[in-house]
Amino acid sequence: MPDTLKFLTAFSLSVLLTACGGGSSSSNSNDETTETETSTDSGDNSGSDGSDSDEETGGYTFNPSNPLASLIVGVQEYASGTLSLEDTDSNSPTFQASSAAGSYGDFTLYESGNWEYQLNTNSQNLNDGDSVEDTISFQLTDGSTLSVVFSIQTIEATESSIVFIFMNFSDAAVEDDLSITQIANMAFNDTDSLDNAYHENSLGQLKFSRHLSNDTSLDQYCYGEDNDESTSIDCFTYNIADSQNGGVLSIDDAESRSGSEYNDSGYTWRDRATSWIESNYLDSNNQPVELNDWRHRVYIFPEAAASAGLVGTGVASVGGRWSMIIADSDQLIMGHEIGHNIGLSHAGNDNNNDGDTNDSGESEYGSDGSLMGNAWQSRLFGSGHRDYMGWYDSFPGYTETIEAVAGSTTSIEFQAIELTAGELSGDLPQLLKAESIGSRNGENYYYIEYHVEHDTLNPRPHHENAVTVHYLSGISNNNVTANQVATLSTTGDSFTDSSAGITIEFLSTDSNNNSATVSVTYDE
């Protein structure tokens with residue numbers, strides 16, 4: 001797939017994703033969380049003479065990996081390991097032998113801390129693409145209760161590593177706008193985090209790994225809060241060098257100077273950061289760090305750099321490994337640019353359905369309700385982009401294609417595009433395609449979507465209880481844009497393409513199934 005570029009520029013920080021076009025000639029080629037529980041004895045810590053004593057009295061720290069193990073139904077249904085209590089003394093409790101039945105598996109714990117977990121028959125009832133957690137509780141010898149969490153998936157997800165590179169000026173730093181904890185929340189912890197959004201859009205087939213290596217001694221292992229794994233990410237900090245005066249470059253000086261370094265939207269600084277990091281950091285094998293070891297490299301600039309016109313809102317390599325964004329408090333920009341990395345172009349609006357999104361009032365990324373469009377707080381990849389990525393290939397029951405038959409009318413019920421694999425009924429399709437050979441836009445299929453509010457994929461929400469119609473363009477040159485041509489807001493609304501002789505009508509909804517029924521009619 002060509003390593004082309006897509007970028008965003010901002011004329012106002014409140015208006016995002018406002019322009020898109022070419023790129024730069026620059027040639028750069030370039031998980032787990034921990035739960036901490038502690039317990040201390042409430043007894044008197046004073047010595048026999050009444051003086052304070054440093055003697056430990058039964059405290060301990062419990063830091064299990066979260067999840068403790070990941071299992072895959074039908075592939076890896078058994079896991080084992082060893083738990084440990086840290087910072088203990090002779091008065092601390094210990095593990096005791098026990099067993100517990102979880103929601104999806106059976107857990108056995110031994111006095112040594114060794115454990116075993118085996119999936120049970122309940123796991124067979126999960127939908128294809130579903131991913132769940134199983135929390136197991138157990139008691140120590142003093143009666144205190146601890147818990148561990150297991151992750152259960154029905155298919156094995158591809159995990160994409162991600163590293164964040166903070167591009168700081170002397171008078172503006174990324175963490176002035178966005179803390180490490182906030183980035184960790186946006187990427188991994190929020191209900192609508194990028195990890196959750198990509199995992200659910202892909203029907204469980206794609207997610208992000210929090211760390212490339214679990215070696216917490218590495219310099220790139222960054223914590224937002226001390227020793228709190230849930231606030232951790234892989235990151236580096238680069239202070240942009242002042243090539244004229246030495247020291248760290250300021251926004252004011254960069255803004256006042258001429259030359260390619262100050263007018264190439266940050267590409268030079270990106271390349272210098274890459275070289276500096278790879279010359280100054282070691283990996284887990286004690287070898288120089290190579291940023292290409294991460295699937296995604298996200299270079300983050302402070303918002304002041306965009307306000308000064310030094311960088312745009314976002315730019316990324318389509319099918320490549322890098323993106324440059326500003327430090328913004330919503331997942332939209334970051335998620336949009338990483339979408340380019342995995343091979344997607346924009347989600348546009350083509351109101352007159354002529355195959356061109358450059359007409360007045362239209363935009364190549366003007367589609368509401370799409371992460372590849374311009375809708376604030378949308379986390380959705382539409383059905384066209386999902387189809388292009390092949391995410392439905394393993395789930396034929398979720399797809400329905402209506403063939404063009406002259407004089408025919410087909411009515412079909414289908415589920416909301418926001419429903420995740422664990423929420424789909426399995427009895428109704430979600431991806432609905434209608435053949436449209438000879439269409440006004442020049443493409444051969446319309447994608448029909450029904451929308452509902454959803455905490456992960458449609459938290460704002462957009463197009464709630466409406467049907468939208470889209471088509472894919474640019475497949476031949478790998479510049480795949482998903483363009484929206486119609487919004488059917490209420491039952492009885494319809495869309496007609498007389499060139500293809502097709503009419504799509506919104507008939508009804510079913511709130512119990514989170515589904516809609518449409519009819520597709522072809523002319524004689």
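Model, not experiment: these values are computed from the prediction.
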Do [X] and [Y] pair up side chain to side chain, a donor and an acceptor below 3.5 Å, judged on atom types alone?
| X | Y | answer |
| --- | --- | --- |
| H296 | S323 | no |
| E423 | H454 | yes |
| Y110 | Q96 | no |
| D264 | T268 | yes |
| N114 | S112 | yes |
| N66 | E229 | no |

Side chain proximity check, [X] to [Y], heavy atoms < 4.5 angstrom:
| X | Y | answer |
| --- | --- | --- |
| I162 | D234 | no |
| I417 | L431 | no |
| L291 | Q220 | no |
| Q153 | V73 | no |

Which heavy-atom pair separates [X] from [Y] by the least distance, and what is that distance?
| X | Y | value |
| --- | --- | --- |
| Q205 | S394 | OE1-OG, 4.3 Å |
| A184 | S232 | CB-O, 4.0 Å |
| L194 | Q331 | CD2-CB, 3.6 Å |
| N120 | D106 | ND2-OD1, 3.9 Å |

Looking at W294, is R321 sitting on its ring face, NZ or CZ under 6.0 Å from the six-membered ring centre and within 45 degrees of the normal?
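The answer is no, since R321 fails at least one limit relative to W294.
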Between E261 and S243, does the side chain to side chain donor-acceptor pair (under 3.5 Å) criterion hold? Intermediate values first, please.
CA-CA 9 Å; E261 174 184 344; S243 58; 3.0 Å; yes
Under the side-chain hydrogen bond (donor to acceptor under 3.5 Å, both in side chains) rule, what pairs show up with a residue in residues 126-141, not counting sequence neighbours?
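Of all non-adjacent pairs touching residues 126-141, those that pass side-chain hydrogen bond (donor to acceptor under 3.5 Å, both in side chains) are Y117-D134.
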Indicate yes or no for a side-chain donor-acceptor contact from S144 to the backbone of L140 under 3.5 Å, with no hydrogens or angles considered.
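Absent.
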Could you tell me whether a side-chain N or O of S250 sits under 3.5 Å from a main-chain N or O of D253, the two making a donor and an acceptor?
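Checked: pair present.
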Can you list the residues that meet the side chain to side chain donor-acceptor pair (under 3.5 Å) rule with [X], with sequence neighbours excluded?
| X | answer |
| --- | --- |
| T121 | none |
| D171 | none |
| Q430 | R386, Y392 |
| Y281 | none |

Can you tell me how the ring of F62 sits relative to the ring of F138, calling it parallel under 30°, perpendicular over 60° and tilted otherwise?
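It falls in the perpendicular class, over 60°.
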What orientation do F107 and F150 show, parallel under 30°, tilted 30 to 60°, or perpendicular over 60°?
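Answer is tilted, since the angle falls between 30° and 60°.
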Identified salt bridge (Lys or Arg N to Asp or Glu O under 4.0 Å) partner of R379 from the options D192, D455, D195
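Answer after filtering D192, D455, D195: D192.
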Do any pairs count as a ring pair (Phe, Tyr, Trp, His ring centres under 6.0 Å) and have a residue in residues 67-104, sequence neighbours left out, and if so which ones?
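Counting only pairs at least two positions apart or across chains, no ring pair (Phe, Tyr, Trp, His ring centres under 6.0 Å) contact touches residues 67-104.
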Hey, mind stepping through W322 and Y299 against side chain to side chain contact (heavy atoms under 4.5 Å, CB included) and telling me if it holds?
CA-CA 8 Å; W322 63 267; Y299 298 81; 4.1 Å; yes
Atom CG of N201 and atom NE2 of H385: how far apart are they, to the nearest 0.5 Å?
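N201 CG to H385 NE2: 11.5 Å, rounded to 0.5 Å.
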Could you state the interatomic distance from CZ (F381) to CH2 (W391), rounded to the nearest 0.5 Å?
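So the CZ of F381 and the CH2 of W391 are separated by 5.5 Å.
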For E156, look at atom CD and say whether over 12 heavy atoms of other residues, nucleotides or ligands are found less than 6.0 Å away.
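No, because the 6.0 Å sphere around CD of E156 holds 12 heavy atoms or fewer from other groups.
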